Amino acid sequence: MRSIKIILICCILAVISMSNFQPVEAANDKGKNIGLQLYSLREDIKKDFDKTIAVVAPMGYKYIEAANYADGKFYGLSPKEFKSKVEAAGLTVLSSHTNRTLPVDNMSSINWDEIWQWWDVCIDAHKAAGMKYLIIPSMPRNIKKLDILKDYCNYYNKIGEKCKAKGLKFGYHNHAFEFVKIEDKMMYDYLLENTNPSLVLFQMDVYWVVKGGESPVEYFKRYPGRFELLHLKDYKELGQSGMVGFDAIFNNIDQAGTKYLVVEVEKYNYSPEESVKRSLDYLLNAPFVKADYSK
């Protein structure tokens, strides 16, 4: 009888304890749909891809953007191997930075058959890796004439057409050099105005827009819906410099047409891993950042 009473008392105490239990929130688990550009951890990845990718999801990141495509592979892995490793680490594959530039000083020498064959292989690899987006990370900085820039716009439209045929989306990622005038026309504006919105989207890097002396919000207003992806970057960790108005950016993000947020950290106050974590913490704790923009 005494043993039964002890068991009953233990059960009652357990129920009381559970009723007062408040679950501890997992580190960084605020449910925000934010990804990481793997270039942020480039040196660690060179040493050990598996070990490095394993720390990303526990921080709270949901997906990744690659930055190391070459010869049909990502970080030396076949598309399927890459996809498998990323998913095994609790992440999804969103996009990749990939480029094939044209010789600005000798456009007439281009072997277009070879160029398009290269892109066909590249696009198929991105499709096999599970990518939704293929992003050009930059372009030549020595373009001085609008007719050359127009050739690039045509080039991007064609790549976008090829991507669309395979179920991918294609876009362009800026730096600061696009915010200069070529023949009295702002280079970035010309790219936006001479690429087909149904074929070419823009991944705005908000830090480089500010460094170029321009306002991300003004571009949202001027070209609404064109910025389906945002690169969130600061001088070092996000929010560290005070020069990027992230609150204004997010308060106007609906005009941008943004669906996905990608953090990129190029310089660090801490170790790359800690800097990447602190950058995500900034967004997770920012009340102006919604949980998800993709829906």
Side-chain angles (χ1 to χ4, degrees), residues 27-41 53 55-67 86 89-97 130-137 168-175 201-211 215-221 223-241 243-267 272-273 275-295:
N28 290 338
D29 187 12
K30 292 183 173 64
K32 294 186 179 181
N33 194 32
I34 300 170
L36 178 68
Q37 164 55 256
L38 293 183
Y39 185 74
S40 308
L41 298 171
I53 201 74
V55 307
V56 177
M59 293 180 189
Y61 286 101
K62 305 301 183 184
Y63 49 86
I64 60 91
E65 179 175 77
V86 170
L91 300 156
T92 58
V93 179
L94 177 75
S95 52
S96 173
H97 276 194
M131 306 285 181
K132 291 183 179 180
Y133 299 91
L134 193 163
I135 306 296
I136 291 277
L168 297 175
K169 290 188 174 184
F170 171 76
Y172 179 79
H173 167 276
N174 66 279
H175 287 78
L201 60 90
F202 283 74
Q203 182 185 62
M204 178 188 281
D205 187 305
V206 297
Y207 172 75
W208 286 122
V209 173
V210 172
K211 285 290 286 183
S215 162
V217 173
E218 288 304 310
Y219 270 94
F220 295 168
K221 295 176 180 178
Y223 301 99
R226 292 301 301 274
F227 308 100
E228 195 163 320
L229 286 79
L230 289 189
H231 249 209
L232 302 178
K233 185 160 52 188
D234 205 331
Y235 176 63
K236 291 184 179 178
E237 298 77 32
L238 294 190
Q240 167 268 336
S241 73
M243 65 181 290
V244 181
F246 288 105
D247 54 346
I249 288 168
F250 280 97
N251 287 336
N252 291 275
I253 199 171
D254 288 345
Q255 297 177 80
T258 300
K259 293 184 178 180
Y260 294 99
L261 311 174
V262 181
V263 170
E264 182 178 34
V265 186
E266 291 192 28
K267 298 181 179 180
E273 183 178 327
S275 292
V276 163
K277 179 181 179 297
R278 285 175 180 251
S279 293
L280 180 61
D281 285 343
Y282 173 78
L283 298 173
L284 293 175
N285 293 314
F288 48 77
V289 180
K290 295 194 303 185
D292 194 355
Y293 294 89
S294 65
K295 301 174 182 178

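Note that this is a predicted model, so its numbers are computed, not measured. Side chains are part of it too, since the values below use all heavy atoms of this structure and drop only hydrogens, waters and symmetry mates.
With a 4.5 Å cut-off on side-chain heavy atoms, Val210 and Tyr235 do not count as touching. Proximity of Phe220 to Ile249: side-chain heavy atoms (C-beta onward) are separated by under 4.5 Å at one or more points.
The heavy-atom pair separating Met59 from Leu280 by the smallest distance is O-CD2, 3.3 Å.
Rounded to the nearest 0.5 angstrom, Gln240 CD and Arg278 CZ are separated by 11.0 Å. Residue Leu284 holds its CG atom at 5.0 Å from CD1 of Ile34, rounded to the nearest 0.5 Å. A distance of 11.0 Å separates CE of Met204 from CZ of Arg226, quoted to the nearest 0.5 Å. Distance CD/Glu266 to OG/Ser275: 12.5 Å, rounded to 0.5 Å. In this structure, CZ on Phe170 lies 7.0 Å from CG on Leu134, to the nearest 0.5 angstrom. Rounding to the nearest 0.5 Å gives a distance of 10.5 Å between CG of Leu238 and NZ of Lys233.
There is no side-chain donor-acceptor pair under 3.5 Å between Glu264 and Tyr207.
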Problem set entry | Check against side chain to side chain contact (heavy atoms under 4.5 Å, CB included), Asn174 and Phe202 | CA-CA 8 Å; Asn174 66 279; Phe202 283 74; over 6 Å; no

For this session: Any chance you could lay out the side chain to side chain contact (heavy atoms under 4.5 Å, CB included) test for Met243 and Asp234, step after step, and finish with the verdict?
Result: CA-CA 8 Å; Met243 65 181 290; Asp234 205 331; 4.0 Å; yes

For this session: List the steps, then state whether side chain to side chain contact (heavy atoms under 4.5 Å, CB included) holds for Tyr133 with Glu228.
Result: CA-CA 10 Å; Tyr133 299 91; Glu228 195 163 320; 2.5 Å; yes

For this session: Would you check, one step at a time, whether the test side chain to side chain contact (heavy atoms under 4.5 Å, CB included) holds for Leu230 with Ile253?
Result: CA-CA 10 Å; Leu230 289 189; Ile253 199 171; 3.8 Å; yes

Side chains of residues 254-261: which donor-acceptor pairs under 3.5 Å do they make with residues two or more places apart or in other chains?
unit_1, atom_1, unit_2, atom_2, d
Gln255, NE2, Asn252, OD1, 3.2
Thr258, OG1, Phe227, O, 2.8
Tyr260, OH, Lys132, NZ, 2.9

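Evaluated for a side chain to side chain contact (heavy atoms under 4.5 Å, CB included) with Ile135, the options Lys169, His231, Glu65, Gln37 yield exactly one hit, Glu65.
Tyr282 and Phe246 have their aromatic ring centers within a separation under 6.0 angstrom.
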